[in-house]
*Asks:* 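Would you mind keeping the following structure in view while I ask a few things?
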Amino acid sequence: MACILGQQQPWMLPADPLESLQTVFVLSGCAIIVRGQPRGGPPPERQINLSNIRAGALARRAAQGQPDVKDTPDEPWAFQAREFLRKKLIGKEVCFNVEIKTALGREYGMVYLGKDTTGENIAESLVNEGLATVRREGIRGNNPEQARLCELEDQAKASKKGMWSEGGGTHTIRDLKYTIENPRNFVDSLHQKPINAIIEHVRDGSVVRALLLPDYYLVTVMLSGIKCPTFKREADGTESPEPFAAEAKFFTESRLLQRDVQIILESCPNQIILGTILHPNGNITELLLKEGFARCVDWSMAVYTQGAEKLRAAERSAKERKIRIWKDYVAPTANLDQKDRQFVAKVMQVVNADAMVVKLNSGEYKTIHLSSIRPPKNEGEEKNKDKDKRFRPLYDIPYMFEAREFLRKKLIGKKVNVTVDYIRAATGPGESTPAFSERTCATVTIGGIYKCSSAIKNGKGLHSKKEVPIHRVADISGETQKAKQFLPFLQRAGRSEAVVEHVFSGSRLKLYMPKETCLITFLLAGIECPRSARNMPGGMQVAEPFSDQAMLFTKELVLQREVEVEVESMDKAGNFIGWLHIEGVNLSVALVENALSKVHFTAENSIWANYEEKPVEEVVHLSEEKERVPNYRPVFVTEISDNLHFYAQDVETGAQLETLMETMRAEIAAHPPVEGSYSARRGDYCLAKFADGEWYRARVEKVESPAKVHVFYIDYGNREVVPSTRLAAMPPAFGTRTLPAQATEYTFAFIQVPLDEDARADVVDCIVRDIQNTQCMMNIEYSGASCPHVSIQFGDTKEDVGLGLVKEGLVMVDVRKEKHLQKIVTEYLNSQESAKSARLNIWRYGDFRADDADEFGYRR
């Protein structure tokens with residue numbers, strides 16, 4: 001906006017005494033915003049316009065919903081004038097005196113850099129550089145300051161500076177880009193490289209508007225990995241700040257607003273650009289966490305490139321000091337009973353170097369993760385350099401096998417003391433990370449505590465400078481030809497030492513033979529255990545009674561234990577058959593003695609004694625309800641699409657999914673798929689390797705080429721384009737017959753989403769921030785063409801999410817005519833009328849639906 005000083009004689013004031021404040025924002029080449037030091041909160045702001053000069057107007061975007069109005073470009077040299085002031089004044093102390101104050105409260109005066117008038121006169125500097133013109137029509141002959149401005153303007157003209165140079169200044173007009181057609185492709189094209197930028201606006205502590213240089217893209221950036229308190233718009237149009245929202249905004253503004261920074265654009269899920277802002281004085285993301293103005297957000301932390309552990313440490317520091325948003329913080333374990341916080345358990349399985357499965361005194365199994373450590377991993381190297389070699393993390397990642405063996409030898413079968421340190425909440429999938437169930441992180445002790453610090457100091461294991469150990473382990477499971485070659489050696493060896501790596505059923509195991517350095521599938525001789533449920537060509541084969549009990553018995557007795565085996569023969573599939581002994585006990589005999597298997601093919605009454613055929617339940621057809629009877633159930637929202645459809649998991653089946661994923665990954669670790677052997681076809685169910693290196697169930701949606709296969713993750717609802725080398729055939733045991741797809745598509749009932757892209761983006765942004773990766777309550781209201789229409793309530797407040805969108809004027813009501821829905825439809829319509837009366841968001845120009853104006857981007 002150009003700053004024009006007209007004839008303001010009725011309001012001309014005597015020169016005010018000098019005031020000294022700090023510059024926080026430059027509106028244009030002749031107007032600045034100043035404020036004092038904070039005292040008990042953000043200080044008030046004050047706009048000062050420079051007297052006697054005029055600078056060009058900056059570009060302005062046309063108001064949304066007015067297609068006849070076009071964007072206004074920069075006037076020549078306007079941006080250069082703004083930049084001249086920005087670089088000279090932002091963050092600096094200035095002094096000024098107000099010469100004129102209009103009836104509307106606009107103040108005009110002289111501004112000096114520094115604490116008194118001996119500092120640089122800003123208006124004179126602008127005129128001297130040819131970046132502003134003097135308003136000569138308001139000049140008084142006896143005013144030496146105005147005469148000095150005219151003199152400087154004449155000198156600038158003579159020197160052809162700035163706007164007085166030849167060419168008219170068209171080259172100084174920016175080509176501002178307010179929108180990006182494909183934000184995700186734009187972010188990907190930058191390859192996470194730092195890009196120069198100017199922060200033009202701070203919406204809240206963690207969301208800013210940035211001008212990317214040198215191409216002048218105006219983008220909204222949300223800081224990766226954190227979320228600050230926000231400002232919520234009320235029904236009357238006012239904004240209601242959450243606790244510490246204003247303070248968080250001021251904290252970010254005072255450090256970044258109109259500063260030169262570098263931004264790493266890291267990801268773009270659901271049209272939201274995530275990034276990290278780098279300033280010479282520090283990382284604002286970490287500072288916000290450390291000062292208690294923000295909390296960590298797992299769904300976006302996955303893409304944070306500066307080290308997620310730094311964010312966790314900063315948040316932990318704020319929690320410990322109980323400052324600002326954490327002033328009432330209570331540690332996660334504070335609500336646990338003493339028996340749940342500290343207990344004794346028996347270690348049944350070592351999952352990897354930082355996790356184990358323990359058995360409580362109650363007989364319940366619980367997975368425990370060791371606090372503050374992580375297992376070994378490949379860093380800076382390709383996991384699989386040889387395409388013909390199957391990648392096996394346990395043996396191919398340096399020190400992974402040694403770490404697992406260290407824990408296995410010390411802990412398996414032993415009772416340990418467990419002290420729960422914290423509980424890590426369940427998270428949904430992100431751009432490059434999968435969903436994780438709730439994790440119990442604890443300190444586990446047995447006769448002492450092993451500290452990683454001593455290992456670092458003494459240069460042990462991972463911290464050793466020696467060459468990393470290489471494990472060449474031959475996996476001959478299912479390899480008939482290799483099994484035939486190994487059979488004579490194993491038969492002649494008699495009793496051989498082995499470690500049970502996995503238990504598939506009561507009588508089928510995966511063994512590691514340390515002397516022969518091979519993995520084999522081993523079947524117990526002389527018995528036949530009940531078979532578990534499995535997929536067959538003719539359909540799902542029902543599990544035989546006692547199959548789960550037999551497998552549990554074998555697991556508790558031999559899993560990850562050192563045993564002795566005698567190999568007698570092998571079957572057609574390359575599986576070895578023989579006897580397994582542990583501490584003098586023959587496992588085949590133990591299963592028979594406990595009535596969990598039968599000898600040869602003789603039917604033992606002990607197996608079938610208690611078997612009864614289950615009666616067929618009668619199906620009762622209920623008549624249609626005359627009134628709406630809600631039946632809310634807990635769900636976990638995992639993915640939200642741009643059309644406001646979302647995917648959710650049923651919380652009640654979450655444990656089944658977790659069990660299936662653990663079993664499936666153990667099977668894959670035991671039998672890694674051959675890379676590139678799978679040929680993708682549209683509609684096929686398969687396994688897809690996500691960016692975290694883990695496998696998930698997926699469905700092929702489209703095959704462009706072997707390098708571009710579109711897959712849909714059926715348990716989480718997200719989509720990805722992957723090469724066929726990251727796909728594998730899905731074993732029948734883990735197919736949808738065993739456990740149906742867990743991600744179900746839904747959409748909101750009773751609302752219509754605006755067709756305008758910006759308005760739609762506001763709705764999606766609001767929903768993503770409120771319910772994605774959180775547990776909510778859901779009720780199916782009515783069926784739709786593609787998916788059920790549902791109402792969603794927040795898990796804690798039980799407030800209706802859709803009704804909240806209507807109240808804020810972000811969406812319209814979809815009127816339903818069913819009689820049993822009229823009560824809730826009326827509530828939605830009343831809220832819509834309140835939003836229209838308050839002119840909120842899409843209603844800010846009134847009820848646009850009264851006109852036949854499709855150009856506004858809306859329709860009934």
Side-chain angles (χ1 to χ4, degrees), residues 1 3 13 15-51 53 55 58 79 81-101 105-126 129 131-132 197-211 228 231 241 244-261 277-284 287-288 290-291 293 324:
M1 177 183 295
C3 299
L13 304 173
D16 285 351
L18 286 174
E19 298 183 55
S20 180
L21 296 173
Q22 187 183 56
T23 308
V24 296
F25 192 75
V26 176
L27 292 172
S28 68
C30 55
I32 62 174
I33 301 289
V34 295
R35 64 184 172 201
Q37 295 299 321
R39 292 181 176 85
E45 296 179 347
R46 189 171 175 183
Q47 179 177 335
I48 303 299
N49 303 281
L50 299 181
S51 299
I53 67 170
L58 291 171
F79 181 67
R82 199 291 298 262
E83 284 297 275
F84 179 83
L85 287 190
R86 182 184 68 83
K87 294 177 180 179
K88 186 178 290 291
L89 298 182
I90 286 296
K92 303 290 181 62
E93 187 176 5
V94 297
C95 67
F96 61 92
N97 60 344
V98 177
E99 297 177 344
I100 297 174
K101 188 172 184 179
R106 294 192 65 161
E107 297 178 314
Y108 295 82
M110 302 299 290
V111 177
Y112 302 89
L113 184 60
K115 297 183 178 181
D116 51 44
T117 56
T118 61
E120 179 181 349
N121 186 312
I122 301 305
E124 291 181 1
S125 297
L126 281 166
E129 294 297 325
L131 299 174
I198 302 170
I199 304 302
E200 296 288 352
H201 175 66
V202 177
R203 192 174 81 182
D204 58 52
S206 57
V207 179
V208 302
R209 187 79 165 164
L211 179 67
C228 290
F231 297 81
F244 297 101
E247 290 84 350
K249 179 180 178 181
F250 173 73
F251 186 86
T252 302
E253 273 188 349
S254 59
R255 287 159 177 79
L256 294 186
L257 186 60
Q258 285 202 331
R259 287 341 196 260
D260 291 310
V261 298
I277 299 175
L278 304 177
H279 188 275
N281 292 336
N283 186 329
I284 192 66
L287 288 174
L288 285 166
K290 188 175 181 180
E291 295 302 321
F293 288 117
R324 299 184 177 91

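Computed over heavy atoms, backbone and side chain alike; hydrogens, waters and symmetry mates excluded.
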*Asks:* Under the rule for salt bridge (Lys or Arg N to Asp or Glu O under 4.0 Å), what residues qualify as partners of Arg255, not counting sequence neighbours?
*Replies:*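 With sequence neighbours excluded, Arg255 shows a salt bridge (Lys or Arg N to Asp or Glu O under 4.0 Å) to no residue whatsoever.
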
*Asks:* Does the side chain of Leu27 reach to within under 4.5 Å of the side chain of Ile32, using non-hydrogen atoms?
*Replies:*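 Contact flag for Leu27/Ile32 side chains = no.
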
*Asks:* So do the side chains of Val202 and Phe250 get within less than 4.5 Å of each other, counting heavy atoms only?
*Replies:* no

*Asks:* So, do Val34 and Phe96 sit near enough that their side-chain heavy atoms are less than 4.5 Å apart?
*Replies:* yes

*Asks:* Counting C-beta onward and ignoring hydrogens, is there a side-chain heavy-atom pair between Leu278 and Asn283 closer than 4.5 Å?
*Replies:*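 With C-beta onward as the side chain, the pair touches.
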
*Asks:* I'd like to check the salt bridge (Lys or Arg N to Asp or Glu O under 4.0 Å) partners of Glu93; sequence neighbours left out, ordered by chain and number.
*Replies:*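 With neighbours one apart ignored, the set is empty.
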
*Asks:* Out of curiosity, Leu256 CG to Asn281 CG, how far, rounded to the nearest 0.5 Å?
*Replies:* 10.0 Å

*Asks:* Indicate the atoms forming the closest heavy-atom contact of Ser28 with Leu85, along with that distance.
*Replies:* O-CD1, 3.6 Å

*Asks:* How close do Phe251 and Phe293 get, counting heavy atoms only, and between which atoms?
*Replies:* CD1-CE1, 3.4 Å

*Asks:* Is the backbone of Tyr112 close enough, under 3.5 Å, to the side chain of Asn121 for a donor and an acceptor to pair up by distance?
*Replies:* no

*Asks:* Taking all non-hydrogen atoms of both residues, which atom of Leu126 and which atom of Gly29 are closest, and how far apart?
*Replies:* CD1-O, 2.9 Å

*Asks:* For the residue pair Cys228 and Gly205, what are the closest heavy atoms and their distance?
*Replies:* SG-C, 3.6 Å

*Asks:* I'd like to know if Arg35 and Glu253 make a salt bridge, using a cut-off of under 4.0 Å between side-chain N and carboxylate O.
*Replies:* yes

*Asks:* For the side chain of Glu99 and the backbone of Ser51, is there at least one donor-acceptor N/O pair under 3.5 Å apart?
*Replies:* no

*Asks:* A side-chain contact here means heavy atoms from C-beta on lying under 4.5 Å apart; do His279 and Ile199 qualify?
*Replies:* no

*Asks:* Say whether, by atom type as modelled, one donor and one acceptor occur between the side chain of Arg106 and the main chain of Ile100 under 3.5 angstrom.
*Replies:* no

*Asks:* Compare every heavy atom of Ala246 with every heavy atom of Pro42, then report the nearest pair and how far apart it is.
*Replies:* CG-O, 3.8 Å

*Asks:* Can you name the one residue among Glu200, Gln258, His201 that meets side-chain contact (heavy atoms from CB on, under 4.5 Å) with Leu211?
*Replies:* Glu200

*Asks:* Taking Glu247 first and then Arg324, would you say they form a salt bridge - that is, a charged N and a carboxylate O separated by under 4.0 Å?
*Replies:*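 Answer for the salt bridge query: no.
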
*Asks:* With sequence neighbours excluded, what pairs up with Thr252 under the side chain to side chain donor-acceptor pair (under 3.5 Å) test?
*Replies:*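 Residues passing side chain to side chain donor-acceptor pair (under 3.5 Å) with Thr252: none at all.
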
